[in-house]
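Down below is the structure, laid out as C-alpha cells.
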Protein chains: 2
Amino acid sequence: MGTQQHKATYHHGDLRRALIESALQLLETRDDGDVGLREVARHTCVSATAVYRHFPDKAALYAALAAEGFERLADAQLAAARRAREDSAAFRASGQAYVRFALANPALFRLMTSHMHRDGSTGVLLADNRAARLLREQVARLMPAASEAERAVTVVQAWALVHGLAVLMLGGRIPPDAALIEAAVNEFRPWRH
Amino acid sequence: MGTQQHKATYHHGDLRRALIESALQLLETRDDGDVGLREVARHTCVSATAVYRHFPDKAALYAALAAEGFERLADAQLAAARRAREDSAAFRASGQAYVRFALANPALFRLMTSHMHRDGSTGVLLADNRAARLLREQVARLMPAASEAERAVTVVQAWALVHGLAVLMLGGRIPPDAALIEAAVNEFRPWRH
DNA sequence: CCGCCTATGTTTACGATGTAAACATAGGCG
DNA sequence: CGCCTATGTTTACATCGTAAACATAGGCGG
C-alpha cells in the first residue's frame with residue numbers, strides 16, 4: 001500500500017519532514033483539502049499522537065503544508081516568468097501559472113487558501129510574500145508612470161483575478177479550460193489607461 | 001441563551017426551516033464556515049438525529065444553507081444594480097455588492113464557496129445562476145459590439161475579480177478596505193478596447 | 001368517534017477524529 | 001557507564017457524523 005517504509009530505528013530520522021511529505025502525498029489523492037491527523041500518522045507508519053511532538057496541533061500541520069504549498073506556487077510563478085523574454089509576457093505567464101498550479105494541486109491549493117490560519121506566526125506570509133513581491137515588481141515595471149496608489153490597485157486586481165479564476169474553476173463554477181485561462185489573464189492590461 | 005423557543009408540540013411546526021435558520025444564525029457568530037450537525041440540532045432544541053428526517057446528511061444541510069446564501073447574494077446584487085441609474089454604474093455597483101456581501105457574511109460565504117457540493121441535485125446552481133444571468137445581461141448591455149466569445153471572457157473576468165477580492169479579503173491577505181473595493185472594481189472596464 | 005398508519009422525533013450505539021496524560025525508549029553528554 | 005531529554009507509544013476522553021431501533025402525535029379510513 002502507499003505507506004512509507006524505513007522506520008528501522010525507533011527514533012525516526014526526521015519525522016517532521018516525513019509527516020509533511022506524507023500529508024502532501026495524501027493531498028494528491030484527494031480533491032478537498034482535508035487530510036486528518038491520524039490519517040497522515042497512519043500513512044507514515046507512526047502513532048497518532050506522535051504528530052504532537054512536531055506540531056502543537058492540526059492547524060500547525062496545516063500551516064506547514066500551506067507554507068510548502070506557497071513555496072511551490074512561488075517557484076512555479078517565478079519559473080514561468082523567467083521563461084518569458086518580455087515584461088508583459090512574464091506578467092501574464094506568472095498569472096497563468098498561478099491558476100494552473102491551483103488546477104494541478106487542487107487539495108493543496110484549497111488547504112492553503114480555505115483553511116486560512118490567521119495567526120502570523122507561521123512562515124506562510126513570508127512564502128506568500130515571495131509571490132506578492134514578484135507581482136509588485138512586475139506591476140512597477142509595467143506601470144512606471146503610475147502613482148504608488150494606482151499600482152497598488154493594479155496589484156490587487158491582478159491577484160484577485162487569478163485567485164478568483166483558480167477558485168471558481170476548482171469549484172466547478174467556471175470550466176477549467178486552458179484557453180479560457182489564457183484569454184481571461186491576457187485581456188487584463190490595466191496599464192493602458 | 002441563543003436557543004430557539006416554542007417546541008410546545010412534540011411535532012415541530014416546520015423543523016426543516018427552523019434548522020436552516022438556526023444554522024444561519026450560528027454562522028453569524030463564526031468566521032469559518034463550519035456549523036456542525038449536532039450543534040445546529042442543539043441550538044434548535046431538538047435531538048441530534050432529528051436532522052436526518054429533513055436532510056440525508058450534513059452535505060445536504062450545507063447545500064440548503066448555500067442555496068439560501070446564494071439567494072441573498074443575488075438579492076443584494078440586484079438591489080445594488082437597481083439603485084444605479086446607468087448601466088456601467090449598475091455593473092460596478094453589483095460587483096461591489098458581491099464583495100460587500102462576502103465581508104458582511106464571512107462564514108456563510110465561505111460555506112457557499114469552500115464546501116462546494118459538486119452534485120448538481122441541489123438548487124444551488126439555480127440560485128447561482130440568478131446572479132450569473134444578471135452579470136451576463138450587464139456585460140451584453142455594456143459590450144453590444146463584442147462577439148459572444150469576447151463577452152464570455154469578460155463575464156469570467158468580472159466574476160473572478162470580485163470573487164478573488166472577496167476571498168482574499170476574507171482570508172486577510174488583502175485589507176478589507178471599502179475604498180480598495182471601489183477602486184479595484186471601478187477600474188475594471190475592459191469594454192474600452 | 002375510534003383505531004391504525006405514517007410522518008416526525010428520540011434513544012442508543014458505533015466508528016472516527018483531535019487531543020491530553022502517562023508511559024517507554026533511544027541515544028547523546030556528563 | 002549511567003542518567004537526561006528528546007522523541008515515540010499507549011491509553012483515554014469528548015465530540016462528531018450517522019445508522020438502527022424505538023416512540024409518539026395527529027390525520028384519515030372505517
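In what follows, every chain begins at residue 1, and chains take the letters A, B, ... in the order their sequences are listed.
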Exercise. Are OP1 or OP2 of D/dC16 and a side-chain N or O of B/Arg42 less than 4.0 angstrom apart?
Worked result: yes

For this session: Look at A/His54 and D/dG8 and indicate whether a side-chain polar atom (N or O) is within less than 4.0 Å of OP1 or OP2.
Result: yes

Taking [atom1] from [X] and [atom2] from [N], how many angstroms apart are they, rounded to a whole number?
X: B/Phe55; N: C/dT8; atom1: CZ; atom2: P; answer: 13 Å
X: A/Asp14; N: C/dA26; atom1: CG; atom2: P; answer: 19 Å
X: A/Asp57; N: C/dT19; atom1: CG; atom2: P; answer: 5 Å
X: B/Leu61; N: D/dT18; atom1: CG; atom2: P; answer: 10 Å
X: A/Arg53; N: C/dC23; atom1: CZ; atom2: P; answer: 14 Å
X: A/Tyr62; N: C/dT19; atom1: OH; atom2: C1'; answer: 15 Å
X: A/Tyr52; N: C/dA22; atom1: OH; atom2: C1'; answer: 16 Å
X: B/Arg38; N: C/dT11; atom1: CZ; atom2: C1'; answer: 11 Å

Exercise. Partner of C/dT19 by Watson-Crick or G-U wobble geometry, both contacts under 3.5 Å, or none?
Worked result: D/dA12

For this session: Look through every strand shown and name the nucleotide pairing with C/dG28 as Watson-Crick or G-U wobble, where both distances are under 3.5 Å.
Result: D/dC3

Exercise. Hey, does B/Phe109 have a side-chain heavy atom less than 4.5 Å from the side chain of B/His163?
Worked result: yes

Exercise. Hey, are the side chains of A/Arg189 and A/Arg92 touching, using non-hydrogen atoms and a 4.5 Å cut-off?
Worked result: yes

Exercise. Side chain of A/Gln77, backbone of A/Tyr98: donor and acceptor closer than 3.5 Å?
Worked result: no

Exercise. Any idea which heavy atoms bring A/Ala102 and A/Leu170 closest together, and the distance?
Worked result: O-CD2, 3.6 Å

For this session: Answer with yes or no whether B/Thr49 presents, from its side chain, a donor or acceptor under 3.5 Å of a partner atom in the base of C/dT11.
Result: yes

